[in-house]
K.L.:
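Okay, here's the structure, questions in a sec.
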Amino acid sequence: MPTDSGQRLADRLATQWRAAGARDVRFAADLGELAALVDDATGPVIVSGADLVAHTAVLRHLATSPVGPTVALVLTDPPGSGRTAVREERGQVVDAGPPTELDGAATGIFGGAVRVGAGDLPTLAAAARAAATGATGLAGGGPAAGPAVDRLFAGLTALGTLTFAHRVRLLVAHRVDDAAGLAAASAAVAAVDEDRAELRLSVKEKDDFFTTYFVSTWSPYVTKACARLGLGPTTVTMISVAFAVAAALLFATGDRPALVLGGLLLYLGFVLDCVDGQVARYTRHFSAWGGWLDTMADRAKEYLVYAGLGYGATAAGVEYGWALAIAAMTLQTVRHMTDAWYGVLHDEAARRPKTVGAGGGGIGDRLNAASTRVQADTGSVSYWLKRTVVFPIGERWALIALATALFSPRVALLAVLVWGTLAFAYTGALRTLRARWMWVPVLDTVDATLHRDDGPLAARLPVLRPVGPLTLAVLGALGSAGLLVAALVTGSAGLRWAVPAVLLVLLLAGLGAGAAHNGPLDWLVPAALRAGEYLFAIAVGVVAGAPAWLVFGYVFVLTLHHYDLVARLEKRQAAPPLHGGTLGWEGRSALLAVATIAGIASIGLFTLGVYLLVGFFASVVLAWVVRPAHATRPAAGPLAVGSRPPG
């Protein structure tokens with residue numbers, strides 16, 4: 001079809017794809033030719049129909065989407081002309097085909113464009129060849145009469161490719177069939193200010209209450225300024241870290257003006273924490289390094305603030321100021337571990353929708369339906385209550401800033417502990433019920449040894465299969481908790497020799513290392529292991545009379561190590577380069593037990609903490625600096641006899 005300028009729509013679309021970042025644009029006459037082109041490709045490939053009318057920004061967003069290697073454009077247009085309908089869950093396309101043949105109700109239609117990651121190219125080529133002959137693998141043969149790109153996408157989905165959905169907000173994208181549709185879609189595109197829409201799109205579509213109403217209302221102006229100044233997401237992240245460190249130092253001083261100023265800096269630091277992601281989305285500068293750094297910086301900032309509050313409370317005469325800070329950090333880390341693995345559980349459930357509800361419904365089914373209804377009722381009181389009660393980061397930082405500025409560091413830490421405990425109980429209970437209903441194992445889909453953080457000792461322990469890894473991990477954590485309670489209640493006198501016995505209880509968790517982690521609640525194993533190790537280290541510090549700040553520092557280093565594992569899981573990265581040298585949770589605990597028996601627990605905490613911290617930074621340098629540099633360095637080819645190198 002010709003456009004208003006007389007240019008073919010396909011030619012205009014090709015120009016847009018080049019502007020969106022495509023290095024090489026080819027026209028394929030049919031699916032067989034497409035399969036041949038895919039066979040020769042070595043990097044990501046975007047397949048697009050020639051009937052798409054959209055802002056160039058829509059194409060650029062699809063091409064640069066960071067959610068996964070394979071991403072499809074999904075529209076809300078009504079299905080027609082043999083176009084493929086899709087059903088999605090948690091941002092993943094779980095079914096595609098004719099609307100009448102989907103496993104569930106359609107949530108949109110395929111937008112005629114899909115970016116396919118390099119790892120999925122063989123499947124794309126196979127789907128193209130199958131669709132060329134009408135064998136899409138769908139019931140009834142699939143939409144054989146529909147556009148080729150739709151038949152291709154239906155076949156790609158039928159072959160099990162993990163595909164994420166890219167929705168269009170604020171901008172415009174439509175597939176057209178005739179000149180009238182082309183004119184209407186082109187007019188809709190022209191009516192929207194593309195840059196202004198992109199700036200608004202840099203803000204998350206669904207965020208928490210405090211962030212939505214007290215940050216996102218004005219943070220886009222900061223985002224625009226950062227983009228004009230050439231400040232990238234990483235630079236903004238580091239500035240937000242500086243604000244948080246300054247706030248922590250002010251909280252440590254304890255006087256009222258410093259506490260008020262610290263609360264203000266903490267708020268501004270959180271604004272910048274939101275802006276770094278907005279700058280990334282606005283400028284489309286995404287990287288695995290940036291995502292990893294953002295995750296690690298968020299946790300490091302929060303725990304440094306806890307340290308400042310703990311020091312400030314202690315300086316103000318609160319005997320247990322550091323204890324509150326240690327408790328807040330431990331609670332928040334264990335909560336985050338459950339959050340991360342429950343997200344993995346839900347994603348896995350979305351990929352296997354037929355297994356969900358296999359238990360026949362019941363309370364899990366009703367909870368799932370209720371959660372879906374509340375999430376769909378955007379902006380309602382129940383919607384905001386559900387998002388706020390879980391104590392997200394915006395609410396945590398707002399509570400800390402206000403409680404510290406108006407009251408004291410002690411009140412701020414107590415408030416964080418109370419709300420955090422209630423949120424943990426609420427989410428833990430509901431997620432446990434829903435997980436038992438879903439019955440979807442996740443730890444057996446990854447390297448369980450890595451994410452359990454097992455060391456060489458756990459690998460050599462016998463396997464106690466009948467009990468189950470979660471039960472063993474919980475028993476180990478309870479042993480550590482018992483020692484800590486005894487040390488706090490009775491004092492440390494005489495408990496030094498109880499440490500080896502409690503270590504043996506903790507090592508019970510190692511008896512499940514080699515067992516299958518396929519129970520409905522085994523996604524809780526990493527969190528239980530973290531709780532066991534942290535509580536044991538804290539108990540050792542209390543029994544040995546180690547300085548509270550030293551115990552805080554040691555647990556803080558452990559959290560960096562464990563958040564590194566979680567960040568790599570979420571970003572689909574490999575294990576840290578020096579992970580084997582971290583000794584595992586059981587190895588570190590055993591060393592602390594030996595140091596306690598020898599009467600040098602404080603030296604043990606300090607030495608092991610420094611060792612782990614140095615190893616962490618060395619691993620970061622290796623993973624994000626040294627290895628990428630070697631990977632991009634051209635290999636030197638052999639020189640023929642008698643020749644000489646160029647230059």
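As a basis for the values below, the full set of heavy atoms in this structure was taken, side chains included, without hydrogen atoms, waters or symmetry mates.
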K.L.:
Specify the closest pair of heavy atoms between Leu199 and Pro220, including all atoms of both residues, with the distance to one decimal.
P.N.:
CD1-O, 3.6 Å
K.L.:
Identify the heavy atoms of Lys204 and Arg281 that sit nearest to each other, and give their distance.
P.N.:
CG-NH2, 3.8 Å
K.L.:
Checking Glu205 against Arg167 for the salt bridge (Lys or Arg N to Asp or Glu O under 4.0 Å) test, could you report, in this order, the C-alpha distance in whole Å, the side-chain angles of both residues, the deciding distance, and whether it holds?
P.N.:
CA-CA 11 Å; Glu205 182 179 8; Arg167 288 279 186 172; over 6 Å; no
K.L.:
Pair Asp39, Arg129 - check salt bridge (Lys or Arg N to Asp or Glu O under 4.0 Å), show working.
P.N.:
CA-CA 11 Å; Asp39 286 337; Arg129 292 187 172 93; 2.3 Å; yes
K.L.:
Is the shortest side-chain heavy-atom distance between Arg431 and Asp339 below 4.5 Å?
P.N.:
yes
K.L.:
Nearest 0.5 Å, please: how far is CG in Leu201 from CZ in Arg196?
P.N.:
12.5 Å
K.L.:
Looking at Asp208 and Arg396, is any side-chain nitrogen of the basic one under 4.0 Å from a carboxylate oxygen of the acidic one?
P.N.:
no
K.L.:
Please determine, by modelled atom types, if Thr212 and Asp207 share a side-chain donor-acceptor pair under 3.5 angstrom.
P.N.:
no
K.L.:
How about Tyr282 and Asp195: does a side-chain donor come under 3.5 Å of a side-chain acceptor?
P.N.:
yes
K.L.:
Main chain of Thr211, side chain of Ser216: is a donor-acceptor contact present, judged purely on distance under 3.5 Å?
P.N.:
yes
K.L.:
Between atom OG1 of Thr133 and atom CG of Leu31, what is the distance when rounded to the nearest 0.5 Å?
P.N.:
9.5 Å
K.L.:
Minimum heavy-atom separation for Leu73 and Val58, please, with both atom names.
P.N.:
CD1-CG1, 3.9 Å
K.L.:
Does one side chain, of Arg284 or Thr64, offer a donor that lies under 3.5 Å from an acceptor on the other?
P.N.:
yes
K.L.:
Run the salt bridge (Lys or Arg N to Asp or Glu O under 4.0 Å) check on Asp193 and Arg200 step by step: do they pass?
P.N.:
CA-CA 11 Å; Asp193 185 326; Arg200 290 178 59 193; over 6 Å; no
K.L.:
Using a strict 4.0 Å threshold on nitrogen-to-oxygen distance, state whether Asp77 and Arg175 make a salt bridge.
P.N.:
no
K.L.:
Hey, is the main chain of Thr107 close enough, under 3.5 Å, to the side chain of Arg87 for a donor-acceptor pair?
P.N.:
no
K.L.:
Could you walk me through whether Glu198 and His61 satisfy the side chain to side chain donor-acceptor pair (under 3.5 Å) test, starting with their C-alpha distance in whole Å, then the side-chain angles of each, then the deciding distance to 0.1 Å, before giving a yes or no?
P.N.:
CA-CA 10 Å; Glu198 282 198 273; His61 292 178; 2.9 Å; yes
K.L.:
Hey, does the side chain of His166 reach the backbone of Val74 with a donor-acceptor pair shorter than 3.5 angstrom?
P.N.:
no
K.L.:
For Asp150 and Thr84, indicate whether the former's side chain and the latter's backbone hold a donor-acceptor pair under 3.5 Å.
P.N.:
yes
K.L.:
Test salt bridge (Lys or Arg N to Asp or Glu O under 4.0 Å) on Arg26 and Glu33 and set out the steps.
P.N.:
CA-CA 10 Å; Arg26 306 282 187 92; Glu33 183 178 344; over 6 Å; no
K.L.:
Answer with yes or no whether the side chains of Gln92 and Thr163 bring together a donor and an acceptor at under 3.5 Å.
P.N.:
no
K.L.:
Would you say the side-chain atoms of Arg151 pair up with the backbone N or O of Ala131, donor to acceptor, closer than 3.5 Å?
P.N.:
yes
K.L.:
Give the table of side-chain donor-acceptor pairs shorter than 3.5 Å for residues 16-23, with sequence neighbours excluded, one pair per line with atom names and distance.
P.N.:
from, atom 1, to, atom 2, distance (Å)
Gln16, NE2, Ala54, O, 2.8
Gln16, NE2, Thr56, OG1, 3.1
Trp17, NE1, Ser48, OG, 3.2

K.L.:
Hey, can you tell me if Phe210 and Tyr267 have their rings parallel, tilted or perpendicular (30° and 60° cut-offs)?
P.N.:
perpendicular
K.L.:
Take the angle between the ring planes of Trp384 and Phe209 and call it parallel below 30°, perpendicular above 60°, tilted in between.
P.N.:
perpendicular
K.L.:
Do Tyr563 and Trp292 have ring centres separated by under 6.0 Å?
P.N.:
no
K.L.:
Determine whether a donor-acceptor pair (N or O, by modelled atom type, separation under 3.5 Å) exists between the side chain of Asp178 and the backbone of Gly181.
P.N.:
yes
K.L.:
Backbone N or O of Ala183 within a donor-acceptor pair of the Ser186 side chain at under 3.5 Å?
P.N.:
no
K.L.:
Rounded at 0.5 Å granularity, tell me how far CD in Gln573 sits from CG in Leu565.
P.N.:
12.5 Å
K.L.:
Please enumerate all residues that pass side-chain contact (heavy atoms from CB on, under 4.5 Å) together with Ala106, with sequence neighbours excluded.
P.N.:
Ala85, Leu102
K.L.:
Dump the intermediate steps for side chain to side chain donor-acceptor pair (under 3.5 Å) on Ser382 and Ser380, then the final yes or no.
P.N.:
CA-CA 5 Å; Ser382 58; Ser380 67; 3.1 Å; yes
K.L.:
Rounded to the nearest 0.5 Å, what separates atom CD1 in Ile239 from atom CG in Leu268?
P.N.:
12.0 Å
K.L.:
Rounded to the nearest 0.5 Å, how far apart are CG of Leu52 and CG of Leu62?
P.N.:
9.5 Å
